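Note sheet for the following structure.
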Amino acid sequence: MHEAGLAAYACDPAQSRGRRYWEEPAPTRTPFQRDRDRIVHSTAFRRLVYKTQVFLNHEGDLFRTRLTHSIEVAQLGRSIARSLSLNEDLVEAICLAHDLGHTPFGHAGQDALHDCMAEFGGFEHNLQSLRVVDWLERRYPQFDGLNLCFETREGILKHCSQANARALEAQELGGVGARFLLRQQPSLEAQLCNLADEIAYNAHDIDDGVRSGLISMEQLQSIPLFESHRLQALAEYPALARLELQRRLLYEAIRRMLSAQVYDVIEATRHALQTHGPKHVDEVRALPLLVRFSEEMHGQSLALKRFLFANLYRHPQVVETTNSARQVVRDLFASYMQQPQAMKPIFAQRWDEAVAPSDRARVVADFIAGMTDRYAVKEHERLTGQRLLG
Ligand code: MG
């Protein structure tokens, strides 16, 4: 029987494909609720508070971090899940875990680490998130990792190269790597988390961008998705035009923009579900992506993304700090490759046990990827005598 309130196309915890290591079911929680709880209690989750989303941690206390970003993604994901009768617990678990594999310093850190790992198989943050929950967390006596359900792991592995998918498939036949080889989709819950991620960062990066002074309200007026909601807010509350109320106007415009995107996803996805009529998650996996924006909203969201890319992520001031961040990661990688004993003992030990150069480099990548921004900066100073950030 399907869990009460769930649609036939949703992931039912009673029909989960299970965990890698068998465990007695919990008396009061479904498997997906239990996964969410394991994620919240993990070390990697607590580290998210000191990891960069866009602005580095020391640049201000009010900017999003990976942690607050993940909580906002989970909030959006859950409210959309409820409207579509999807499994809210599973959505929450995937959303809270989706960025666990991120390096310090956001995308700059990940790009630098990927370059360092070029001859050793590269570095992908999605795959790293899976490594964290499958292996790198060490807190249970019976197994490494958090031993999460297939459905949660499927959602965490958002993207994966063909080479990495083949490697995963070799370790776990028909596992979470298979869909990239079969070119199939993940569950609707997983699809939803991707879109919730996008909706969340588009909105909060506007807020953080204006807060930082790097983008202005005037610039934002060229973005139809933002401007239409700013004008609506002004029409309803003309007092918001006053200079001292600009921040409230910004919040109101963002709030309306968020709601419009949430309603749009619900509408467009309902329509897609009606058209394709999946009756089970396995049918979902064989269909095209069903959790989606309408054509129009997709275009508007893309325009906003392009704007943020050009004006915020590529802003000279952001680029300057990200260049330093890249340097920190490159120097750390080179230092540990030279003197692996400088890593934490558990990683130094793994290095000793590894034989192949690529396995040794992977140990270094795991260690660096797990660092918070400030730990990386401190380690860099300890090893090189230079303080580059903060
Ligand atoms: Mg994210």
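Just so you know, these numbers come straight off a predicted model, no measurement behind them. Along the sequence shown, residues carry numbers from 1. Atoms within a ligand are numbered from 1 in the order they appear, just like the ligands themselves.
- Just one of R242, R248, R247 meets the salt bridge (charged side-chain N to carboxylate O under 4.0 Å, His left out) condition when paired with E244; it is R242.
- Looking only at N/O/S atoms, D197 comes nearest to the Mg ion (ligand 1) through OD1.
- A salt bridge links D207 to R211: at least one charged side-chain nitrogen sits closer than 4.0 Å to a carboxylate oxygen.
- With a cut-off of 2.8 Å, the Mg ion (ligand 1) has no N, O or S atom of H102 in range.
- Distance check: R17 CZ to S187 OG gives 10.0 Å after rounding to the nearest 0.5 Å.
- In this structure, CG in L182 is found 11.5 Å from CD in Q185, a value given to the nearest 0.5 Å.
- The angle H69:NE2 - the Mg ion (ligand 1) - D99:OD2 amounts to 90°, with values rounded to 10 degrees.
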